Visitor: 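So that we are looking at the same thing, I have put the structure below in structure tokens.
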Amino acid sequence: MLTEDIQRLLLGTFVRPAEETGTGAPRVEGVYGYLVRHDRGLVLLDTGLGRGDAETEDWYRPRRTELPEALATVGVGLDQIELVVNCHLHFDHCGGNPLLAGTPVVCQRQELAVAQHGNYTMEHLVDYPGSRYDLLDGEAEIRPGIHVIPTPGHVSGHQSLVVECEDGSVVLAGQSHDTASAWSADALAASAHALGHGEPLPTAPAWMERLLAFDPKRVVFAHDAAVWEPA
Ligand SMILES: [Zn+2]
């Protein structure tokens, strides 16, 4: 497959209130999923914003694109999805999972345990009729050339995907970083010694080196439409 066989889906937007942005102003954020047209079938990373309780709806004021509608924009139906991967199980990433009942969902075992324990996500998005999980304990190659890499930080069970294509690798980072610029800062931090910089230096998460070892041609995110490319 080629890097152009990975397509972004806009699954909605929400307004992060000023209390959470640290800037004193609210911020509108996108919610993006990614469709991977692998030779062995369609793989979908993240399924959109779940319907919350009234309190969550009022707090984040989400506008949704329903998953079937988002998939239709790239000519795909729900029944064509072979495999779902969630970067983590917060409600803004697994909202469409129940629509894909019977389709395996790849997540980290610890992430599912935390989500089932309560007070973490909307439980109806995790345990629903026909829910089926392929649970991982760390890294795995789930299809030839599609690697799941644990990227703890935002939550401890967070994971990202790396897709090795004929024309280069693409990292589907999910929410490993909120923005492409945050990734960029960590990528430079991880390379600082190699660039000849001495201490003191910022520290990057240990897994940055693992992701960068795939020499990604681009890196894409769950909440930022900006794309990172190497220098
Ligand atoms: Zn999120």
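Whatever order the structure lists them in is the order used to number ligands and atoms, beginning at 1. Position 1 is the first residue of the sequence; numbering continues from there. Just so you know, these numbers come straight off a predicted model, no measurement behind them.
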Visitor: Identify, with sequence neighbours excluded, every residue that meets salt bridge (Lys or Arg N to Asp or Glu O under 4.0 Å) alongside Glu141.
Guide: none

Visitor: Restricting to salt bridge (Lys or Arg N to Asp or Glu O under 4.0 Å), what partner residues turn up for Glu209, sequence neighbours left out?
Guide: none

Visitor: Thinking salt bridges, do Arg210 and Glu139 make one under a 4.0 Å N-O criterion?
Guide: yes

Visitor: Mind listing the side-chain donor-acceptor pairs of residues 224-231 below 3.5 Å, one per line with the distance, residues two or more places apart or on another chain?
Guide:
unit_1: Asp224; atom_1: OD1; unit_2: Ala226; atom_2: N; d: 3.0
unit_1: Asp224; atom_1: OD2; unit_2: Ala180; atom_2: N; d: 2.8

Visitor: Do the rings of Tyr60 and Phe91 sit parallel, tilted or perpendicular, given the 30° and 60° boundaries?
Guide: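 Rings of Tyr60 and Phe91: tilted, 30 to 60°.
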
Visitor: Work out which heavy atom in Leu112 is nearest to a heavy atom in Cys107; give both atom names and the distance.
Guide: CB-SG, 3.9 Å

Visitor: Do any protein N, O or S atoms sit under 2.8 Å from the Zn ion (ligand 1), and which ones are they?
Guide: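 N, O, S partners closer than 2.8 Å: Asp92 OD2, His93 NE2, Gln175 OE1, His223 NE2.
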
